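What follows is a short report on a single structure.
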Amino acid sequence: MGRIEWAMWANEQALASGLILVTGGIVAVSGQFKRWEIAVYAIVAGVFVCFLEYPRGKRKKGSTLERCGQKYFTAAVKTCGPLTRNYYVRAVLHACLAIPAGYLLATILGTVCLAIASGIYLLAATQGEEWRPIEAKPQERPQVGGTIKHPPSNPPPRPPAEARKKQKEEEPTGQENPIEVVP
């Protein structure tokens with residue numbers, strides 16, 4: 001049975017929690033809550049978490065679907081080196097970012113989600129997982145001769161294979177043009 005790659009789960013959870021933090025912070029700032037400074041912090045922390053978590057990591061086995069525009073974020077995250085690659089660091093970072101936002105009702109859901117993502121990242125780190133960027137492979141152009149063995153001889157719509165065999169046995173494959181062609 002295959003191993004679960006926990007980092008993929010943690011990535012999705014952390015990205016969603018960053019969006020929830022931003023949303024809760026916007027609600028608290030626009031609603032003029034008493035501790036609006038915490039809401040501003042939640043917005044900044046949520047944007048940072050989304051920036052860090054937007055690029056997906058490469059899976060060990062199989063293929064990984066790259067997010068739209070991920071290559072730009074990947075380049076920025078790669079520059080931080082082991083700080084962003086190590087999941088122990090991400091687990092501690094997310095836990096520390098979650099604590100201040102927990103003191104405001106509008107951002108508590110994002111705090112809980114970020115704490116869960118931190119726990120999943122800790123689990124991924126104990127399993128030996130590490131963030132690796134998705135590298136773009138040069139696409140090979142398929143050769144026409146290699147992919148198409150025998151192109152169809154008659155235009156669509158084509159009859160089923162059995163009817164084509166009978167048709168070849170009974171009559172020649174030419175067609176008569178009902179309209180006279182004048183050169």
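Computed from a prediction, not measured in an experiment: that's the story for all the values here. By convention here, the first residue in the shown sequence is residue 1.
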Same cluster for Trp6 and Ile116 if Ile/Leu/Val/Met/Phe/Trp/Tyr side chains link at under 4.5 Å? yes
Examine Val29 and Val27 and state if one hydrophobic cluster contains both, with Ile, Leu, Val, Met, Phe, Trp and Tyr joined whenever side-chain heavy atoms are less than 4.5 Å apart. no
Between Ala106 and Ala28, what is the shortest heavy-atom contact and its length? CB-CB, 3.8 Å
Where do Ile120 and Ala10 come nearest, in terms of heavy atoms and distance? CG2-CB, 3.5 Å
Under the rule for side-chain contact (heavy atoms from CB on, under 4.5 Å), what residues qualify as partners of [X], not counting sequence neighbours?
{"X": "Phe51", "result": "Phe73, Ala76"}
{"X": "Val92", "result": "Cys96"}
{"X": "Tyr41", "result": "Ala45, Leu97, Pro100, Ala101"}
{"X": "Ala115", "result": "none"}

Let me check something: any side-chain donor-acceptor pairs from residues 16-24 under 3.5 Å, sequence neighbours excluded? List them with distances.
residue, atom, partner, partner atom, Å
Ser17, OG, Gln13, O, 3.3
Ser17, OG, Ala14, O, 2.7
Thr23, OG1, Leu19, O, 2.8

Spacing of [X] atom [atom1] and [Y] atom [atom2] [to the nearest 0.5 Å]:
{"X": "His94", "Y": "Leu122", "atom1": "NE2", "atom2": "CG", "answer": "12.0 Å"}
{"X": "Leu15", "Y": "Leu52", "atom1": "CG", "atom2": "CG", "answer": "10.0 Å"}
{"X": "Tyr121", "Y": "Glu129", "atom1": "OH", "atom2": "CD", "answer": "10.0 Å"}
{"X": "Arg35", "Y": "Thr107", "atom1": "CZ", "atom2": "OG1", "answer": "10.5 Å"}

Expected output: side-chain Ser118 to main-chain Leu114 donor-acceptor under 3.5 Å: no
Per the salt bridge (charged side-chain N to carboxylate O under 4.0 Å, His left out) rule, what does the pair list look like for residues 80-104, sequence neighbours excluded? Glu53-Arg90
Apply side chain to side chain contact (heavy atoms under 4.5 Å, CB included) to residues Ile99 and Thr111 and explain how you reach the verdict. CA-CA 7 Å; Ile99 292 171; Thr111 300; over 6 Å; no
So Tyr88 and Thr126, do their side chains get closer than 4.5 Å, heavy atoms only? yes
Derivation and outcome, side chain to side chain contact (heavy atoms under 4.5 Å, CB included), residues Val40 and Trp36: CA-CA 6 Å; Val40 171; Trp36 63 270; 3.7 Å; yes
